[in-house]
Amino acid sequence: MAQQETDEQINDGFVVDTEDCEARELAYRERGTARPITVVGNPVLHRECKDVTEFDDKLAALIDDMFASQKAAEGVGLAANQIGVDLKVFVYDCPDDEGVRHTGVVVNPVLQDLPADRRILDDSNEGCLSVPTAYASLARPDFAEVHGQDAQGNPIKVRGTGYFARCLQHETDHLYGFLYIDKLSKRDRKDALRQMEEGTPRYETVPND
């Protein structure tokens, strides 16, 4: 998602992702290598990713590269298929509406259905590293809860409000083959693609053939 825990700490099943954010993000990033970002039209972005079944050094290295790539692109969230990897993993380093920073990893995420009383919609602007330089208003619930696994395969839950809730929904959507522009009206989608065509990305992207 574009910008406009200690891993072991769990509270009632929810990851505590607000502590030591700077140190944890830096540790991931220093081990990783930034990769170019795939953009709309690349097939890997338009299909459901594969479940992660091996929680090994290869997965850990991917997560490091994802944090490095997210930082290089100045994003707040990044899904694995945004660097061309067909696996259900996303990372985030994102503030909520109160300015509290959240940093973490979710493997095999599943977005939870919300009860009717939690479905308060927020129609703020949204952007995406895979649709560079484009933004559009998109209504999403202002609360989100995602269940999945950590990098070691342990079950975790992550919840967020406001901007962070938007990030959790946005990144989970990516791993099931959906970009935020797929949720827009035809007119707004066309406008977002026009913005992308007219803009110049500030980070390296993978050209579509």
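For clarity, every value in this text was computed on a predicted model and none was experimentally measured.
Contacts classified as side-chain hydrogen bond (donor to acceptor under 3.5 Å, both in side chains) and involving residues 38-50 (residues at least two apart or in different chains) are given here: Glu48-Lys88.
Remark: Arg119 CZ to Arg140 CZ distance equals 11.0 Å, nearest 0.5 Å. Gln70 CD to Arg29 CZ: the interatomic distance, rounded to the nearest 0.5 Å, is 10.0 Å. Considering CD1 of Ile37 and OH of Tyr203, their distance stands at 6.5 Å, rounded to 0.5 Å. Here Tyr163 contributes atom OH and Leu168 contributes atom CG; the two are 11.5 Å apart, rounded to the nearest 0.5 Å. For the atom pair Asp173 CG and Leu111 CG, the distance stands at 7.0 Å (nearest 0.5 Å). If you take NE2 on His147 and OG1 on Thr172, they are separated by 11.0 Å, rounding to the nearest 0.5 Å.
With sequence neighbours excluded, no residue forms a ring-ring contact (aromatic ring centres under 6.0 Å, His included) with Tyr180.
Side-chain contact between Pro132 and Met196 is present, with at least one heavy-atom pair separated by less than 4.5 Å. Using a 4.5 Å cut-off on side-chain heavy atoms (C-beta onward), Val89 and Ile63 make contact. No side-chain heavy atom of Asp142 sits less than 4.5 Å from a side-chain heavy atom of Leu121. The side-chain heavy atoms of Ile83 and Met66, taken from C-beta on, include a pair separated by under 4.5 Å.
If you check the side chains of Asp93 and Thr103, you find a donor sitting under 3.5 Å from an acceptor. Using modelled atom types and a 3.5 Å distance limit, the side chains of Ser130 and Gln82 yield a donor-acceptor pair.
A donor-acceptor pair under 3.5 Å links the side-chain atoms of Ser137 to the main chain of Asp123, judged by distance alone. Using a distance-only test at 3.5 Å, with no hydrogens or angles considered, no donor-acceptor pair links the side chain of Glu54 to the main chain of Val52. Remark: side-chain polar atoms of Asn81 are not paired, donor with acceptor, to backbone N or O of Val85 under 3.5 angstrom. Judged by distance alone, with hydrogens and angles left aside, the side-chain atoms of Thr18 form no donor-acceptor pair with the main-chain N or O of His102 at under 3.5 Å. With hydrogens and angles disregarded, a donor-acceptor distance shorter than 3.5 Å links the side chain of Arg166 to the backbone of Asp122. With hydrogens and angles disregarded, no donor-acceptor distance shorter than 3.5 Å links the side chain of Asp188 to the backbone of Ser185. The backbone N or O of Pro141 sits less than 3.5 Å from a side-chain atom of Gln169, completing a donor-acceptor pair. When atom types are taken as modelled, the side chain of Arg31 and the backbone of Ala68 share no donor-acceptor pair closer than 3.5 angstrom. Side-chain atoms of Glu145 do not come within 3.5 Å of backbone N or O of Gln112 as any donor-acceptor pair. The backbone N or O of Phe164 lies less than 3.5 Å from no partner atom in the side chain of Tyr92, so there is not a single donor-acceptor pair.
Heavy atoms from other residues, nucleotides or ligands lying under 6.0 Å from CZ of Phe178 number 12 at most. Heavy-atom contacts from other residues, nucleotides or ligands closer than 6.0 Å to CD of Glu197 number 12 or fewer.
In this structure, Arg159 forms a cation-pi arrangement with Phe14, its terminal cationic atom sitting closer than 6.0 Å to the ring centre and no more than 45° off the ring axis.
Between Thr161 and Asp96 the shortest heavy-atom distance is O-CB, 3.8 Å.
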